[in-house]
Amino acid sequence: MQLTDLTAVRLLDGYRTGEFSPVEVTGAALERARHGRPEVNAFVRLTEEDALARARESEARWRRGEPAGLVDGVPVTVKDVLLLRGHPTLRGSRTVGEQGAWDEDAPPVARLRAHGAVFLGKTTTPEFGWKGVTDSPLTGITRNPYDPTRTAGGSSGGSAAAVALGAGPLSLGTDGGGSIRIPAAFCGVFGLKPTYGRVPLYPASAFGTLSHTGPMTRDAADAALLLDVIGVPDPRDWSALPPAPGSFREALKGGVRGLRVAYSPSLGGQVAVEPAVAAAVRRAVTALAGLGAYVEETDPDFSDPVDAFHTLWFTGAARLTRNLPPHRRQALDPGLREICARGARMSALDYLAAVDVRTNLGRRMGRFHERYDLLVTPTLPITAFAAGREVPERSAHRRWTGWTPFTYPFNLTQQPAASVPVGVDGAGLPAGMQIVAARHRDDLVLRAAHALYQAGAAGVAGPGPAGP
């Protein structure tokens with residue numbers, strides 16, 4: 001197995017024993033980032049000199065037996081909406097200038113730096129992370145490593161593609177309506193949207209408390225490791241949660257025996273799911289039952305909250321771009337311009353009505369989780385469609401939310417939710433299963449996902465540098 005195929009946990013074991021070094025691993029990851037299907041277009045920029053310098057420092061620490069932290073020497077990538085000290089954060093937009101000091105790290109980046117991580121570069125995003133696919137006026141189209149004619153999903157599409165390609169086993173993504181889980185499902189990697197506030201965010205998102213930051217990794221064990229690093233409060237985020245009561249890595253050991261799992265294949269018939277996706281998810285659910293979970297096919301009691309989500313999302317976008325003069329506004333993604341115009345026409349009463357829908361949905365899911373530890377659904381009803389489009393061809397919907405009905409409800413409720421790769425369709429494209437828990441029970445999501453990986457019921461063969 002190549003170094004670029006290894007998990008972060010496995011790399012750390014190798015550093016500890018001297019089997020391989022951070023410099024070797026970083027060089028291999030950079031090579032994969034440069035030449036592993038360049039048409040995928042996963043990176044805004046690589047930070048090669050900085051990465052190799054940090055890798056050499058890490059190697060010296062490991063030789064002394066003094067690693068700096070939990071991920072010392074592990075290659076990491078960062079979505080280009082999060083600050084990385086010394087490098088511009090352009091957020092996929094031609095309206096953001098490169099000039100400036102860029103002298104601050106976002107909270108999770110700061111934590112990774114303190115723990116010795118090696119930053120390979122910044123990954124692509126649609127403009128300001130506004131949609132569920134990754135293309136922008138600044139960086140063009142990010143494509144799927146399994147089939148570059150297909151989308152990687154978004155908005156953390158560059159991060160998902162980088163992990164799938166082997167360009168670093170860990171990546172930081174953000175998720176305001178599915179932006180970690182969507183590309184994780186399309187690219188066959190693991191993605192966790194933690195409970196809101198578990199990972200602090202600064203600067204605050206214009207999309208407010210819809211927006212979460214979380215791990216995108218090769219498996220659930222790596223995500224637990226990464227969450228142990230980044231899931232601590234930061235004084236710049238007043239909404240951050242206090243430290244978790246225990247280690248997420250330790251929580252993996254619990255398994256699923258005795259957990260009460262609600263399996264909703266279509267949210268009560270509200271969503272038409274492709275047969276191959278439905279079959280892959282059902283197989284994984286059967287595996288959970290075989291591992292000792294009590295599985296019941298049932299649905300949460302809510303109707304599609306897309307109108308309320310649109311109100312919160314579109315007004316956030318309008319606020320984000322409100323100070324752009326007309327000539328700068330013309331440089332925006334046309335779809336973003338359109339939703340900004342819609343958001344600008346909405347009133348405070350419209351916004352508060354959407355908050356009421358959100359509050360009611362949160363109450364319903366809170367009561368639901370009194371009966372069930374976990375809710376399991378498909379992550380998406382489809383596999384990856386043609387790149388360069390916001391919606392699949394012949395879709396009845398205009399906006400990306402039309403094909404993501406399983407993801408954005410749990411941004412409204414701020415619950416932890418993960419996408420686990422559980423198979424491929426007839427074209428070899430990955431399918432994902434979503435695992436959701438009550439707020440603050442990120443440990444249960446990770447436990448269930450890890451149990452599936454351990455049982456061989458999660459994960460898909462990687463596409464490799466030259467495709468499947």
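Keep in mind that the numbers below use all heavy atoms, side chains included, and drop hydrogens, waters and symmetry copies. Since this is a predicted model, take the numbers as computed values, not measurements.
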Modelled atom types, side-chain donor and acceptor of Thr124 and Thr142, under 3.5 Å: yes
Please work out which of the three classes, parallel, tilted or perpendicular, describes the rings of Trp313 and Phe309, given edges at 30° and 60°. parallel
Return the orientation label for the Phe186 and Trp403 ring planes: parallel under 30°, perpendicular over 60°, tilted otherwise. parallel
Electrostatic pair Arg16:Asp13 at N-O distance under 4.0 angstrom: yes
Quick check on side chain to side chain donor-acceptor pair (under 3.5 Å): which of Asn411, Thr379, Thr404 does Arg181 satisfy it with? Asn411
Give a yes or no on whether Arg113 atom CZ has more than 12 heavy-atom contacts from other residues, nucleotides or ligands under 6.0 Å away. yes
Heavy-atom side-chain contact between Leu446 and Phe190 under 4.5 Å: yes
With the side chain counted from C-beta on, respond yes when Leu172 and Leu112 share a heavy-atom pair under 4.5 Å apart, and no when they do not. yes
Using only heavy-atom distances, determine whether the side chains of Lys79 and Thr213 contain a donor-acceptor pair under 3.5 Å. no
Would you find a donor on one side and an acceptor on the other, under 3.5 Å apart, between the side chain of Arg150 and the backbone of Ala384? yes
Is Arg367 atom CZ crowded by more than 12 heavy atoms from other residues, nucleotides or ligands, each under 6.0 Å away? no
Side chains of Pro421 and Tyr453: does their closest heavy-atom pair fall under 4.5 Å? yes
Side chains of His87 and Thr47, donor plus acceptor under 3.5 Å: no
Can you find a pair of side-chain heavy atoms, one from Arg32 and one from Gln2, that are under 4.5 Å apart? yes
Separation between NE2 of His35 and CG of Leu165, rounded to the nearest 0.5 Å: 13.0 Å
Which residue in the set Asp333, Val96, Val81 passes side chain to side chain contact (heavy atoms under 4.5 Å, CB included) when paired with Phe128? Val96
Could you please spell out the steps behind the side-chain hydrogen bond (donor to acceptor under 3.5 Å, both in side chains) verdict for Ser136 and Glu127? CA-CA 5 Å; Ser136 76; Glu127 194 161 26; over 6 Å; no
Any sub-3.5 Å donor-acceptor pair from Asp442's side-chain atoms to Thr195's backbone N or O? yes
Hey, is the main chain of His212 close enough, under 3.5 Å, to the side chain of Asp175 for a donor-acceptor pair? no
Tell me, yes or no, whether the heavy-atom count around Arg64 atom CZ, taken from other residues, nucleotides or ligands under 6.0 Å, exceeds 12. yes
Check this for me: does any side-chain nitrogen of one of Arg56 and Glu59 sit under 4.0 Å from a carboxylate oxygen of the other? no
Any side-chain heavy-atom pair from Pro183 and Met216 closer than 4.5 angstrom? yes
Reported CG-to-OG1 distance for the pair Asp222 and Thr217, which is rounded to 0.5 angstrom: 5.5 Å
